[in-house]
Protein chains: 2
Amino acid sequence: MDTEQNSHLSSDESIIEMLRSRGITPTSQRIEIARLLFSRCEHLSAEDVFSLMNADRAMASKATVYNTLGLFAEQGLIRQLIVDPERVYYDPNTSPHHHFYDVSTGMLTDVDATLVQITGMPALPPGSELEGMDVIIRVRPAAGGVAH
Amino acid sequence: MDTEQNSHLSSDESIIEMLRSRGITPTSQRIEIARLLFSRCEHLSAEDVFSLMNADRAMASKATVYNTLGLFAEQGLIRQLIVDPERVYYDPNTSPHHHFYDVSTGMLTDVDATLVQITGMPALPPGSELEGMDVIIRVRPAAGGVAH
DNA sequence: CTTAATGCAAAGGCTTTGCAGAGAC
DNA sequence: GTCTCTGCAAAGCCTTTGCATTAAG
């Protein structure tokens with residue numbers, strides 16, 4: 001459960017190594033953002049990351065947060081979640097999994113993809129290759145509330 | 001293939017009936033937007049609908065297009081597709097199906113859900129009920145192009 | 001020292017809103 | 001005639017961009 005990809009990352013060393021392995025120059029802002037993402041392992045918006053980054057003292061500008069998250073996603077360090085029309089969420093968990101999405105609270109919950117079998121998916125359109133698959137199960141609070 | 005829900009809708013009568021059945025007052029703008037959506041049966045953005053509506057002559061303002069699409073989606077006449085971080089798409093096809101999404105062209109293609117079997121999905125979080133499920137297969141043009 | 005990253009503020013694009021006038025019934 | 005819908009323009013958000021400054025190696 002502790003593979004090379006995104007190990008524990010408590011130390012700056014391992015974060016820096018992870019960034020370098022993807023060809024990303026490890027600046028202090030990028031290291032902090034990576035630490036923040038991988039220590040919480042939640043689904044965060046750019047705004048969330050910006051607030052957390054600057055909670056104690058100014059550590060990164062909004063532009064840098066957006067650029068860094070975009071860069072991390074592009075390099076496969078994190079995954080973009082397009083689930084809410086209002087904003088993009090970023091998921092530090094890059095292993096195959098799906099999501100529950102509570103449309104009224106915005107809460108995202110992981111669903112392990114190894115449990116889920118999808119069969120009968122048609123072939124990709126000719127001339128295209130797979131980039132990724134998103135399975136989003138939209139839920140809302142039950143009419144009657146929690147059954148006891 | 002021609003169920004009651006969204007039949008052919010060539011006539012104003014059937015469109016008006018459809019709107020009324022959902023408790024939507026059939027104004028001329030709403031009738032036109034519904035006709036446009038159900039005759040094309042494509043995946044359209046609000047901007048697309050706005051342009052098509054006003055191609056010949058002014059038929060609806062942007063505000064009305066947005067409000068109407070939101071209303072239709074809320075009433076289950078059409079389905080919102082959250083697939084592109086830049087804009088929402090609307091799908092007149094409300095029967096269960098999934099989508100291919102070409103990330104470089106933005107093109108959306110339907111995948112019949114009756115062919116696809118999904119098993120092993122865990123139970124919904126307690127106190128929540130299903131609102132819908134989206135399966136999006138992100139594809140991109142293959143590196144080598146179409147294999148002839 | 002050279003190249004690349006950061007920060008600020010301004011711009012951009014999609015969507016919503018407020019309110020007066022018009023339309024549905 | 002009443003209540004709701006439409007349209008316009010302005011405002012709101014999230015996100016990107018341009019450019020001078022600063023940091024990385």
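Numbers restart at 1 for each chain; the letters A, B, ... are given by sequence-line order, proteins then strands.
- Closest approach of A:I82 to B:V83, counting heavy atoms only: CG2-C, 3.8 Å.
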In 5'-to-3' order, the base (B), backbone-only (S) or no-contact (-) status of each nucleotide in nucleotides 20-25 of chain D, using a 4.0 angstrom heavy-atom cut-off, is ----SS

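- Residues A:Y89 and A:H43 come closest through the heavy atom pair CD2-O, 3.8 Å.
- Atom OH in A:Y89 sits roughly 15 Å away from atom P in D:dC13 (whole-Å rounding).
- With sequence neighbours excluded, no residue forms a side chain to side chain donor-acceptor pair (under 3.5 Å) with A:E17.
- The list of salt bridge (charged side-chain N to carboxylate O under 4.0 Å, His left out) pairs with a residue in residues 86-95 of chain B, not counting sequence neighbours, reads B:D84-B:R87.
- Using a 4.5 Å heavy-atom cutoff, the side chains of A:P141 and A:S104 are in contact.
- Side-chain contact between B:L71 and B:I24: present, with at least one pair of heavy atoms (C-beta onward) separated by less than 4.5 Å.
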Pairs under 3.5 angstrom only: tabulate donor-acceptor contacts from the side chains of residues 50-61 of chain B to other protein residues two or more places apart or in another chain.
unit_1	atom_1	unit_2	atom_2	d
B:S51	OG	B:E47	O	3.0
B:N54	OD1	B:M59	N	2.6
B:N54	OD1	B:A60	N	3.1
B:N54	ND2	B:F50	O	3.0
B:N54	ND2	B:A60	O	3.0
B:S61	OG	B:T64	N	3.2
B:S61	OG	B:T64	OG1	3.1

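- Side-chain N or O atoms of A:T25 include none that pairs as donor or acceptor with a backbone N or O of A:T27 at under 3.5 Å.
- Distance CD (B:E32) to P (D:dC5): 18 Å, rounded to an integer number of Å.
- Near-neighbour residues of DNA chain D inside residues 44-57 of chain B, defined by a heavy atom below 4.0 Å, are absent.
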Could you go through residues 73-80 of chain B and list every donor-acceptor pair under 3.5 Å that involves a side-chain atom there, pairing it with any protein atom two or more places apart or in another chain?
unit_1	atom_1	unit_2	atom_2	d
B:R79	NH1	B:H97	O	3.4
B:R79	NH2	B:H97	O	3.3
B:R79	NH2	B:D134	OD1	3.2

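- With sequence neighbours excluded, no residue forms a side chain to side chain donor-acceptor pair (under 3.5 Å) with A:R20.
- Looking at A:S128, its side chain does come within 3.5 Å of a backbone N or O of A:P125 through a donor-acceptor pair.
- Looking at A:Y101 and A:V139, their side chains never come closer than 4.5 Å, going by heavy atoms from C-beta outward.
- A:T119 places none of its side-chain heavy atoms less than 4.5 Å from the side chain of B:V116.
- Taking a heavy-atom distance under 4.0 Å as the criterion, the stretch of DNA chain C touched by chain A extends 5' to 3' from C:dA5 to C:dC8.
- Sorted by first and then second residue, the salt bridge (charged side-chain N to carboxylate O under 4.0 Å, His left out) pairs with a member in residues 98-122 of chain B form an empty list; sequence neighbours excluded.
- The bend of the helix from C:dC1-D:dG25 to C:dC25-D:dG1, defined by the angle between the axes of its first five and last five pairs, stands at 40° to the nearest 10°.
- For A:E32, the side chain to side chain donor-acceptor pair (under 3.5 Å) partners two or more places apart in sequence, or in a different chain, are A:R35.
- In this structure, B:I24 atom CD1 and D:dC5 atom P are separated by 10 Å, rounded to whole Å.
- In the region residues 60-72 of chain B, proximity to DNA chain C at under 4.0 angstrom, judged on heavy atoms, holds for B:A63, B:Y66, B:N67.
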